[in-house]
Undergrad: 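My questions will all concern the structure given below.
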Amino acid sequence: MLLDVSDLWKSYATPDGAQRVLEGVSFRLKAGQTLALTGESGSGKSTLLHLVAGLEAPDKGLVTLQGKQLSGRSDAIRAAMRRDRIGLVFQQFNLIPSLSVQGNLAFQARLAGRYDPGWISEMAARLGLSDLMNRYPEALSGGQQQRVAIGRALAARPDLILADEPTGNLDESSADAVIALMLDLVAESGAGLLMVTHSPRLAGFLGARLHLSKGRLR
Amino acid sequence: MNRVVLGALLSHWRRHPLQLLTLVLGLALATALWSGVQAINAEARASYARAAGALGQGDLAQITGPEALMTRETFVALRRAGWLVTPVLEGPMTLGRAHFTLRGVDAMTAPAPAQGAMVATGKGGQKAETQGAADIAVPEGGVIFGAPETLLRLGGQSGLPPLRPLAGLRQGLLLTDMATAERLLGMQGWVSRFLLLADQPMGRPPLSSIAAGLKVTQKPSGNDLARLTASFHLNLTAFGLLSFAVGLFIVHGAIGLAFEQRRAGLRSLRAIGVPLGRLILLSLGELLVIAAVAGLIGTLLGYLIAGLLLPDVAATLRGLYGADIAGTLKFRPGWVAAGLAMAIGGTLIAAAQALWRLARLPLLAGAHPRAWAQGGKRMLGVQAMAAAALVAGGGLFAALGGGLLAGFLSLGGILLGAALALPVILSLALGRAARGRSALAEWFWADTRQQLPGLSLALMALMLALSANVGVSTMVSSFRQTFTGYLDQRLASELYISARTPGESAALAAFVAPRVRAVLPIWSVPISIAGRQVQVYGLVDDPTYRDNWPVLRGAADGWDRLAAGRGVMINEQLGYRLGLAPGDMLRLAPDWSLPVVGIYSDYGNPEGQALVASPSLAARYPSAPRLRFGLRLARADIPALRRALTRDFGLPAENIIDQSALKASSLAVFERTFAVTGALNILTLAVAGFALMTSFLTLSDMRLPQLAPVWALGLTRRRLAWLELWRSLALAGFTMVLAVPVGLILAWVLLNVVNVMAFGWRLPMYLFPGEWLRLGGLAALAAALAGALPARRLARVAPARLLKVFADER
């Protein structure tokens, strides 16, 4: 099993008391499988994704990646697992503004010690970025930036791709193209994909779907 | 409407109290150092004015003769001819280890203030009702007046008339009546100069008809001390301005950041109908209120700083110029107002760009929180050109300009140019460094480069402080090294003795002659050359001078010609002032000109000095006293000779000084002299460190969107925090590396341009890498402290805050 999420609970402190965001969420994801996580705003989709990525720690429950427990581990271990095994794609692209397209694409792969120039070039060509390699993020359109973000996530050949509304800032045709490209590349790499989206249409492109409502899976 | 708009503007500071603190503290620190220096200057100037007033000769013209001394007959002739003049006799007097200038004034004809001072203190402190000549009551046997500290140095001297303190007199100057001065100096019937009293009668005969060679010399504006110390005060003012400029960098940064953060709000205010003019006026009003508050705090801090530094400054002025200034600080409304004006003026300068941008703020453009930083990037090209122009201008001033002001303009141009060039050079260097081998290194340097626009003001402030530090410390250390070597040369005699009277002097000389290797009389006569006093020393022919005297330039047979009475050696400052080089003729008197056969260094002496053969000087001034001697003898013989002098002559210990004690006291004066410079150096560096810290702190909040992705991709917050700390150290290190050559250029200008103009001597420049390392350590400490707080905040930032960066709602 690639990913095993078991009985995950999370709440946040607010001025009105603890606000429960996730209540006993459990699911599994196999290698090569693509899974859409849908739900209305505030349903806890992004929080669930952050817990799976080890960006936050759950109040209770387990996240296990390839048999190795992620939740409850130290910040450094979670960071290392993120670096070596997970690819992240955000809605806001969140590229590193001080690095060029080339630098952004290669960044995580180099951090993980899995830098493969041939693979980066091939991926850049597939993503239509070959002519933009020396540009900086500020000089790219939204669609171009998102393609760089996808490339960055895949460059280190991660086991798991986590995408949070990856096309939320794109128009429909750009969004379709980006999703298609991402699914192709994910399929070729053999990684698993967990994608948060509020769009049922985009969720339809993926192999399976989970719906989150008020912190519970329906 | 004003209240509502002002409320909206001020709400920014409520939400960003740290920024407000930065602004107020930055401005307060800048004002503090500036007004502190001005308070010290004001106190010193007031002391000089008191001294000039006490003597009643501050602005009086004087009549001088063709030679150093005139006779009393000339005085009688002048008075008979209707010239209202009063005689002054002045000469050096050595008592024990201390040297004084004794000035005799004529109680009957001296200006009223001098009479009044003498009467007031002469009668046990009772102030005279009138200050007419009939009221002057100088006790029989005379009275000697001096500054309290001068009199302390005289304490215990026997054979002197009663001593009375007179506040405001220059340190080392003793004032007495003419008869006493004549007696103590052994110059009966002689006059150094005449003071020309105000309200001269009409129809006086020309001076040439009274005596040949008499001429009226107008006093320069101000008084002797003010003129002598002008360069020192200019130096302090330059330091104060430098600190102020460093502080303004903080203010500029804080105002610029606040404007960028308020851009959207300002646009909204405009959009809902607030007129642009009113918005600008209210923003200006807000800044002026902040400036006034910060100015007041700064002025108070300045008062404290001045109070702390004043004793050192007083020591400096005493050591360098013999000026006696009060050790306590008076509250003067003038400099408080000046401090406030500087704070407000500085704020307006620092805010000009932000206000200009506010005036041109487009109503519809979208807010761009990084515009401030991006704008800085665009400025790099302009900045490079401005830097080149400033450095070139500074170089031109150094090479072609004359005068002290040109020297300081040169320093200012080079300093500011280098500071402006810093971000440009850093950007290029970081660009190269970003081509790193590892992904982390590549990101680290590229990210550091991206922070430059936001950090450049603080780094420029640090650059100013560090290069000024390197420059000034190189100058001081070069001076110290040169001075130590110079003391070894000048103080070659093993023992120095001083007689108390001319009679004792002759007996002493006869007594020591068979007991030592050589007796070197130390005696001099003051003469006037080009309106300034020059001390002419008579030297005997002895190998001590040939072997040790610090001659800088001169003829190979210089000492032979001097000994034969066919040459004169002059100190460097006299050579510089008169434009003399070896081979030129120096006119010591109308009928006495000698070729300059050597120029020697004479550090620490503000006045001109000349050496001639002792017989030549004695032939012209047979009655000039010769009270001091340098003795050459084996060190082992010193104790026995000291005992004999005490036993046979009753010579007090302070009249028998050995070389090492003299050197130690000279070096102590030197160290005290530069204590204030060291303190200002440290304070400026502290202000720059504060600038760096505030920049890091204000940027740290804006940095989260750049750091969050790196964190998400696998770097821990702790590691990122360490990297932030390293970034701070690396930037300070880069800045230090660039500050060293700039500081050395400054030191060169200080040693070869400013010092020559200010003091008349040129110093060799030495390099002190150990000091650079120490300064680098201090800079690293400042950077570590500045970076530590933001780094700690980053290490502890809640993941939720970082995650907000990725959230839709951001």
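Worth knowing before you read on, the calculation uses all heavy atoms, side chains too, and leaves out hydrogens, waters and symmetry mates. Letters A, B, ... are given to chains in the order of the sequence lines, protein chains preceding strands, and every chain is numbered from 1.
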Undergrad: Answer whether the closest heavy-atom distance between the side chains of V805(B) and F90(A) falls below 4.5 Å.
TA: no

Undergrad: Pick whichever of T716(B), L707(B), L713(B) has the most heavy-atom pairs under 4.5 Å with chain A.
TA: L713(B)

Undergrad: Other residues, nucleotides and ligands only: do more than 12 of their heavy atoms fall within 6.0 Å of CH2 on W13(B)?
TA: yes

Undergrad: How close do A712(B) and L55(A) get, counting heavy atoms only, and between which atoms?
TA: CA-CD2, 3.7 Å

Undergrad: Please state whether the side chain, the backbone, both or neither of A53(A) comes within less than 4.5 Å of a heavy atom of chain B.
TA: neither

Undergrad: Quick check on R78(A) against chain B: is it the side chain, the backbone, both or neither that has a heavy atom closer than 4.5 Å?
TA: neither

Undergrad: Nearest 0.5 Å please: distance from the CG atom of N94(A) over to the CD atom of Q706(B).
TA: 11.5 Å

Undergrad: Could you pull out the closest heavy-atom pair between R110(A) and S438(B), with the gap in Å?
TA: NH2-C, 3.4 Å

Undergrad: Do R82(A) and W711(B) come close enough that some side-chain heavy atom pair is under 4.5 Å?
TA: yes

Undergrad: Distance from I96(A) atom CD1 to D447(B) atom CG, nearest 0.5 Å?
TA: 8.5 Å

Undergrad: So, taking the atom named CZ in R83(A) and the one named CG in L715(B), what distance separates them when rounded to the nearest 0.5 Å?
TA: 7.5 Å

Undergrad: Tell me, yes or no, whether the heavy-atom count around R20(A) atom CZ, taken from other residues, nucleotides or ligands under 6.0 Å, exceeds 12.
TA: no

Undergrad: Just wondering, are more than 12 heavy atoms of other shown residues or ligands nearer than 6.0 Å to CZ in R209(A)?
TA: yes

Undergrad: Restricting to non-hydrogen atoms, name the atom on G103(A) and the atom on E442(B) that form the minimum distance, rounded to 0.1 Å.
TA: CA-OE2, 4.1 Å

Undergrad: Where is the tightest heavy-atom contact between P799(B) and E56(A), given as atom of each residue plus distance?
TA: CB-CG, 4.2 Å

Undergrad: Inspect the contact between R717(B) and D75(A) and indicate whether a charged nitrogen and a carboxylate oxygen are less than 4.0 angstrom apart.
TA: yes

Undergrad: Can you tell me if CH2 on W119(A) sees more than 12 non-hydrogen neighbours from other groups inside 6.0 Å?
TA: yes

